[in-house]
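All values below were derived from every heavy atom in this structure, side-chain atoms included, with hydrogens, water molecules and symmetry-related copies excluded. We count ligands from 1, going down the list as the structure has it; atoms in each ligand are counted the same way.
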Amino acid sequence: MRSPHYADLHCHSTASDGSDAPAVVVRRARERGLHVIALTDHDTVAGVAEAQAEGARIGVRVIAGTELTCYVGKREVHVLGYGLDIGNAELAEHCARFQEARIRRAREIGEKLAAAGAPIDIDRVMADADGGVIGRPHVARALVEAGHVKDFDEAFEKFLGDGKPAAVSKMEIDPRACVDVIRKAGGIAVMAHPALGNQYDIVSELIAAGCVGVEVWHSAYDATATERLGAMALDHGWVRTGGSDCHGSIKGGEPILGQVGIGKAQWEKVERAIGAARA
Ligand code: AMP
Ligand code: FE
Ligand code: FE
Ligand code: ZN
């Protein structure tokens with residue numbers, strides 16, 4: 001199915017918890033008629049070089065992105081970075097530290113699952129992630145395969161979701177530190193999906209930490225969310241971004257790449273913001 005949008009600025013690959021290799025994501029973008037995508041894997045830029053090489057070959061512009069995890073108190077917040085220098089040493093160091101923390105966390109999740117009566121082979125889960133940043137979706141897939149739950153959603157409802165028996169927080173870093181990593185790598189920071197988990201009350205805190213925009217369009221929003229965030233952004237002059245947050249088919253079903261995104265004129269505004277950060 002063709003995308004009605006020009007750009008999809010939020011998607012994942014096997015570099016984190018998506019089901020498809022970066023080049024496959026880019027080929028799908030091309031098939032769906034997208035002109036621009038940003039690859040925004042969790043806490044890594046490891047898929048960007050492959051995606052950009054494929055994009056150059058087949059004519060899709062690939063923005064070097066990431067989705068960094070941080071915390072406001074105990075609440076997990078995601079910060080998107082766009083227009084990054086993927087060779088930046090501090091960015092690499094941040095991602096490496098996060099990756100180690102995620103491996104420790106995966107082992108802890110494995111222990112909690114065993115205690116909760118749903119043992120899985122966490123070493124195999126990590127091997128299956130194949131070097132990608134390990135996350136709960138990988139564990140959810142293993143829980144389904146082991147027959148402990150009937151599907152991906154039940155894995156989160158019963159075990160992995162926030163507050164459930166096998167939930168473990170990640171590396172607790174504050175928004176400003178994440179934004180600084182993104183800015184030092186030449187990028188712009190945007191607060192990801194504020195409507196998820198009802199994070200409207202901390203949008204201004206994220207802006208104060210250096211985010212220049214908010215994600216106004218997202219596949220998990222209802223119409224109210226987009227209206228509310230769009231109005232906030234226009235009032236304050238924040239950059240408005242949008243994307244599908246496609247994870248391929250890791251949850252089952254057809255990949256939603258390109259189903260949410262932004263038009264050409266809106267993309268050009270984002271592009272100018274990225275350019276201004278680099279100037
Ligand atoms: P992690 O980064 O390991 O904490 O895993 C977070 C990822 O799990 C998110 O990016 C989503 O892809 C997925 N996820 C989180 N919560 C849920 C949920 N309740 N149902 C389905 N998927 C979820
Ligand atoms: Fe994810
Ligand atoms: Fe996210
Ligand atoms: Zn995401």
Side-chain angles (χ1 to χ4, degrees), residues 8-20 22 25 37-47 63 65-71 74-82 95 98-110 112-113 122 125-126 128-129 132-144 149-173 178 189-199 214-215 217-221 241-253 255-257 259-261:
D8 181 340
L9 299 182
H10 192 156
C11 60
H12 296 268
S13 74
T14 47
S16 67
D17 56 3
S19 61
D20 297 307
V25 175
I37 64 163
L39 191 69
T40 53
D41 277 304
H42 298 285
D43 308 309
T44 186
V45 289
I63 304 307
T66 189
E67 183 176 17
L68 299 185
T69 309
C70 57
Y71 289 84
K74 288 283 154 199
R75 296 161 81 185
E76 182 173 337
V77 178
H78 292 173
V79 176
L80 295 160
Y82 294 123
C95 294
F98 219 101
Q99 174 116 351
E100 281 170 27
R102 276 179 173 275
I103 289 170
R104 286 195 298 273
R105 169 196 188 229
R107 297 202 180 285
E108 216 176 309
I109 290 174
K112 291 192 178 228
L113 284 173
I122 199 72
V125 174
M126 282 196 263
D128 288 347
V133 169
I134 187 94
R136 283 179 286 176
H138 299 105
V139 179
R141 189 166 60 189
L143 283 166
V144 176
V149 291
K150 69 174 188 312
D151 60 20
F152 197 90
D153 285 338
E154 194 179 85
F156 279 87
E157 272 158 37
K158 272 192 154 162
F159 298 111
L160 300 172
D162 299 335
K164 305 292 175 178
V168 180
S169 66
K170 296 181 282 271
M171 192 171 83
E172 299 208 3
I173 177 168
C178 280
V190 168
M191 183 179 180
H193 45 65
L196 304 190
N198 202 7
Q199 298 185 330
V214 289
E215 199 169 38
W217 297 273
H218 185 278
S219 55
Y221 286 2
T241 72
S244 61
D245 204 355
C246 181
H247 285 71
S249 51
I250 197 158
K251 304 177 188 187
I256 60 173
L257 188 73
Q259 285 183 15
V260 175

Taking only heavy atoms of [X] into account, list the atoms of ligand 1 that are under 4.0 Å away from them.
X    : value
K251 : 22 (N)
R102 : 1 (P), 2 (O), 3 (O)
H42  : 10 (O)
R105 : 1 (P), 3 (O), 4 (O)
P137 : 5 (O), 7 (C), 8 (O), 12 (O), 13 (C)
G135 : 3 (O)
H247 : 10 (O), 12 (O)

Quiz item: Among all residues two or more places apart in sequence or in another chain, which pass the side-chain hydrogen bond (donor to acceptor under 3.5 Å, both in side chains) test with K251?
Solution: none
Self-check item: Contact flag H247/the Fe ion (ligand 2), N/O/S atoms, threshold under 2.8 Å
Solution: yes
Quiz item: Hey, is the Fe ion (ligand 2) within less than 2.8 Å of some N/O/S atom on D245?
Solution: no
Quiz item: Which of the listed options, D41, D17, L160, D245, holds the heavy atom that is closest to atom 9 (C) of ligand 1?
Solution: D17
Name the atoms and distances for all side-chain donor-acceptor pairs under 3.5 Å in residues 156-167, with sequence neighbours left out.
from	atom 1	to	atom 2	distance (Å)
D162	OD1	R136	NH1	3.1
K164	NZ	E157	O	3.3

Quiz item: In terms of side-chain heavy atoms, does T69 have a donor or acceptor partner in D43 at a distance below 3.5 Å?
Solution: yes
Self-check item: Flag for E67-H193: side-chain donor and acceptor within less than 3.5 Å
Solution: yes
Exercise. Would you please name every residue forming a ring-ring contact (aromatic ring centres under 6.0 Å, His included) with H247, sequence neighbours left out?
Key: H12, H42
Practice problem: Could you tell me which N, O or S atom of D17 is nearest to the Fe ion (ligand 2)? | Solution: OD2
Quiz item: Taking non-hydrogen atoms only, is H12 closer than 4.0 angstrom to ligand 1 via side chain, backbone, both or neither?
Solution: neither
Quiz prompt | Test of proximity, E76 against ligand 1: N or O pairs below 3.5 Å | solution = no
Quiz item: Which protein atoms of type N, O or S are found under 2.8 Å from the Zn ion (ligand 4)?
Solution: H10 NE2, H12 NE2, E67 OE1, D245 OD1
Practice problem: Distance to 0.1 Å, residue and atom name: give those for the protein heavy atom nearest to atom 4 (O) of ligand 1. | Solution: K170 NZ, 2.4 Å
